[in-house]
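Because the structure is a prediction, the values reported are computed rather than measured.
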Amino acid sequence: MQENYLIISIIAVIAIVLISLFIVVANLQKTVVIESPTPTPEQKEKEQKIAIEALIEIAAKRTSTRNELANAIIRAAKDCPFPVKEKGIAPKVSKIYLNFVLLIASHRNADAKLIAFMDEELKKTNPDYKREIDLYENEGINQRGNRI
């Protein structure tokens, strides 16, 4: 009689261990995919505005080196496209982007090669703004001597 209880107890323990192992293995095989929330258009615009403002700060500093200015131009061309024109008219927000062009063109550490590089990169990524980029670039070149 005691042998029956012993055999039943051993079988019960083995069953519990096997079930536990099955549960552990099943949980290890599960992969959890966490999706990052997609940013809304307002969030994207706000992030771009912050990015262009940081680039403007670099361009506005008189102590910025030529390399810092070149990196700012590359980031502006790559990460901060100008806002889309509405019926052929640039929105007011585009002034921020065009002021970046003005500041780079009028910076004392910007030479002709850097300005030509900026002109080419920004026009390549923002073809609708070719005329405005030229205007602000020329204004910046004219202000080179006057900038404090």
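Smallest separation of non-hydrogen atoms from Phe100 and Ala76: CE2-CB, 3.6 Å. Closest of all the heavy-atom pairs between Val101 and Leu122 is CG2-CD1, 3.5 Å. Here the closest heavy-atom approach between residue Ile115 and residue Ala105 is recorded as CD1-O, 3.7 Å. Heavy atoms only, all atoms of each residue included: Ile133 and Leu98 are closest at N-CD2, 4.2 Å. Pairing each heavy atom of Ala90 with each of Ser94, the nearest pair is CB-OG, 3.4 Å.
Pairs passing the ring pair (Phe, Tyr, Trp, His ring centres under 6.0 Å) check and including a residue from residues 122-143, sequence neighbours excluded, read Phe82-Tyr129.
By the side-chain contact (heavy atoms from CB on, under 4.5 Å) test, Lys113 is found to be paired with Arg66, Asp111, residues two or more places apart in sequence or in another chain being considered. Applying the side chain to side chain donor-acceptor pair (under 3.5 Å) criterion to Arg75, with sequence neighbours excluded, gives no partner residue. Residues passing the side-chain contact (heavy atoms from CB on, under 4.5 Å) test with Lys124, sequence neighbours excluded: Glu120, Glu121. Every residue two or more places apart in sequence or in another chain that forms a salt bridge (Lys or Arg N to Asp or Glu O under 4.0 Å) with Lys85 is listed here: Glu132.
Going from atom OG of Ser106 over to atom CD of Glu137 covers 11.5 Å, rounded to the nearest 0.5 Å. Here CG of Leu102 is found 11.0 Å from CG of Leu135. Values are rounded to the nearest 0.5 Å.
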message = Assess the residue pair His107 and Lys61 against the criterion (side chain to side chain contact (heavy atoms under 4.5 Å, CB included)); give the C-alpha distance rounded to whole Å, side-chain angles, the decisive distance to 0.1 Å, and a yes or no.
response = CA-CA 9 Å; His107 200 280; Lys61 275 197 289 186; 5.6 Å; no
ask   = Lys130 and Asp134: salt bridge (charged side-chain N to carboxylate O under 4.0 Å, His left out), yes or no, with the steps?
value = CA-CA 6 Å; Lys130 286 182 178 180; Asp134 282 337; over 6 Å; no
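In the hydrophobic clustering of ILVMFWY residues, with side-chain heavy atoms under 4.5 Å counting as a link, Ile14 and Leu6 come out together.
The hydrophobic cluster around Leu21 extends to Val13, Val17, counting ILVMFWY residues whose side-chain heavy atoms fall within less than 4.5 Å of a member.
Annotation: side chain of Phe117 is in contact with side chain of Ile74 (closest heavy-atom distance under 4.5 Å).
Exactly one of Leu55, Asp119, Ile58, Leu69 qualifies for a side chain to side chain contact (heavy atoms under 4.5 Å, CB included) with Ile104. That residue is Leu69.
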